[in-house]
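Have a look at the structure below before the remarks.
The model shown is predicted, which means the values in this text are computed figures rather than measured ones. Any value given below was found using the heavy atoms of this structure, including those in side chains, with hydrogens, waters and symmetry copies removed.
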There are 2 protein chains.
Amino acid sequence: MPGQSSTRDRMVDAAFALFDEQGYDATTVDAIVERAGVSRSTFFRAFGSKEDVIFPHHPDLRARIEARLAAGSAETRVVAVREAAGLVLEQYLSEGDVALARYRLTRTVPALRGREIASMLGYQQLFREALLHWLDGPDAELRAELLAAGIVTGHNVILRRWLRGQTDDPRGELSHALDLVMESRGLATAAPHGALGTTVVVVESNRSGAEVADVVRRALEG
Amino acid sequence: MPGQSSTRDRMVDAAFALFDEQGYDATTVDAIVERAGVSRSTFFRAFGSKEDVIFPHHPDLRARIEARLAAGSAETRVVAVREAAGLVLEQYLSEGDVALARYRLTRTVPALRGREIASMLGYQQLFREALLHWLDGPDAELRAELLAAGIVTGHNVILRRWLRGQTDDPRGELSHALDLVMESRGLATAAPHGALGTTVVVVESNRSGAEVADVVRRALEG
DNA sequence: CGTCGATGTGATACCCAGTGTCACACGCGT
DNA sequence: ACGCGTGTGACACTGGGTATCACATCGACG
């Protein structure tokens, strides 16, 4: 292959540049492929549609969320949900300017707005299915759906605040938002089965295992 | 005008019939207008897009929700939310078979699914804006968004159950779902400002004003 | 070293949704 | 009878998306 797999990157860059210069609707696929130096066929093979070029990472992110939730259990559901939601936020934070450009586009172009909404609802489905296995009791189905909606909605509120430049601590605010969501649905209860063993829940940490263990030991001894 | 305004109805009927016979994607607008006996121009003037013919009532419903919420206040917010959510449910219930046909389509055709999701998020925005005026305290913005998402999500769960034939009492289940949503966010609190006057909240009733008054009188006297 | 298949790419033709424009017919009031 | 607004039809055009065929590069294998 002549152009490695960077042909994809070239198309993304060309698309975002043109969208920024002349708007989404006014930019034709022909113009994108011309600037990227590829053919129409290549574009549609890589992205499937003009909209997909705006969200080139969604399939990958979706897979990562699914994997994180699949690694959780009824006992570790709180941290599983927190980390899975964190994956989404981190994806946007790491994209930086691209995320901002996308936000500007999704705000103004209805078609893209619908596209993003659909993606978010896809994430919500992942959370709902995971929660459905972790919850029991009356209204489990309804509560799982409400919780999933709360998680995604809470995340979106914080993400939007960050995109608007209204916060410098999106991670902390997401954590607080998830507190609000999970507390109100009784999800934050540790050891849901009333086990008498030792349950350690590490909600969030960037320390090493040894450091965490040290903190725990001192807490128990103190 | 020769064909009254039933040209619109004829197009809707023709579209649903063809979608049912050969699927959404396989049905061209030309086929629809041919069966309806109108021209292409007429179709696009009436609906704007092929998708819009599936949701011909959304603009009207949106206006009714907005009106109901606008008629509410911080004191009557609980009943305002309940009735506004009820408007959506009643719309679907009154459509009967058409709602079922639409559900079948939206489940299978991704484009229509995205369309419906976008509509639902439009309703969510109406609730969010109303709630934003009725809530105060910390995290008002976040709580309004979470509540709006809960209301719409709860409604959708019940609606979906009804569309699947899993319930005979969607109104009752919606009421219960909204209980769950509002209770968990402290929205159900009557007289939020701590007023010492008399606050009467009629949560749901199909009785006349006189009958309700009679029940209240007996409750106070007993 | 030649052959083969897999993969990424280009070129072309086609379908169909959606827009814009002009023309026509009808009802309605003056 | 005359305009005038409105709903409709006819037609041409743009542009997203699909299908098909051709070609070029690279690695595997005999």
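Rounded to an integer number of Å, the gap from CZ of B:R8 to P of D:dT6 is 17 Å. When the P atom of C:dA17 is taken as reference, atom CD of B:E34 falls 14 Å away, rounded to whole Å. Between the CE atom of B:M11 and the P atom of D:dG7 there is a distance of 12 Å, rounded to whole Å.
A search for side-chain hydrogen bond (donor to acceptor under 3.5 Å, both in side chains) contacts involving B:R113 returns nothing, not counting sequence neighbours. Judged as a side-chain hydrogen bond (donor to acceptor under 3.5 Å, both in side chains), and not counting sequence neighbours, the contacts of A:R160 are B:E145. The side chain to side chain contact (heavy atoms under 4.5 Å, CB included) search around B:T108 returns none, not counting sequence neighbours.
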Please list, one pair per line, the donor and acceptor atoms closer than 3.5 Å that link side chains of residues 99-107 of chain B to other protein atoms, with sequence neighbours excluded.
{"residue": "B:R102", "atom": "NE", "partner": "B:I54", "partner atom": "O", "Å": "2.9"}
{"residue": "B:R102", "atom": "NH1", "partner": "B:E95", "partner atom": "OE1", "Å": "3.1"}
{"residue": "B:R102", "atom": "NH2", "partner": "B:E95", "partner atom": "OE1", "Å": "3.1"}
{"residue": "B:R102", "atom": "NH2", "partner": "B:E95", "partner atom": "OE2", "Å": "3.0"}
{"residue": "B:Y103", "atom": "OH", "partner": "B:R164", "partner atom": "NE", "Å": "3.2"}
{"residue": "B:R104", "atom": "NH1", "partner": "B:D20", "partner atom": "OD1", "Å": "3.2"}
{"residue": "B:T106", "atom": "OG1", "partner": "B:R102", "partner atom": "O", "Å": "3.0"}
{"residue": "B:T106", "atom": "OG1", "partner": "B:Y103", "partner atom": "O", "Å": "3.0"}

N/O donor to acceptor pairs below 3.5 angstrom from side-chain atoms of residues 122-132 of chain A, sequence neighbours left out:
{"residue": "A:Y123", "atom": "OH", "partner": "A:H58", "partner atom": "NE2", "Å": "3.2"}

Next item on the list: List the protein contact pattern of nucleotides 9-16 of chain D with one symbol per nucleotide (5' to 3'): B for base contact, S for sugar-phosphate-only contact, - for none; contact means a heavy-atom distance under 4.0 Å.
Entry: BBB---SB
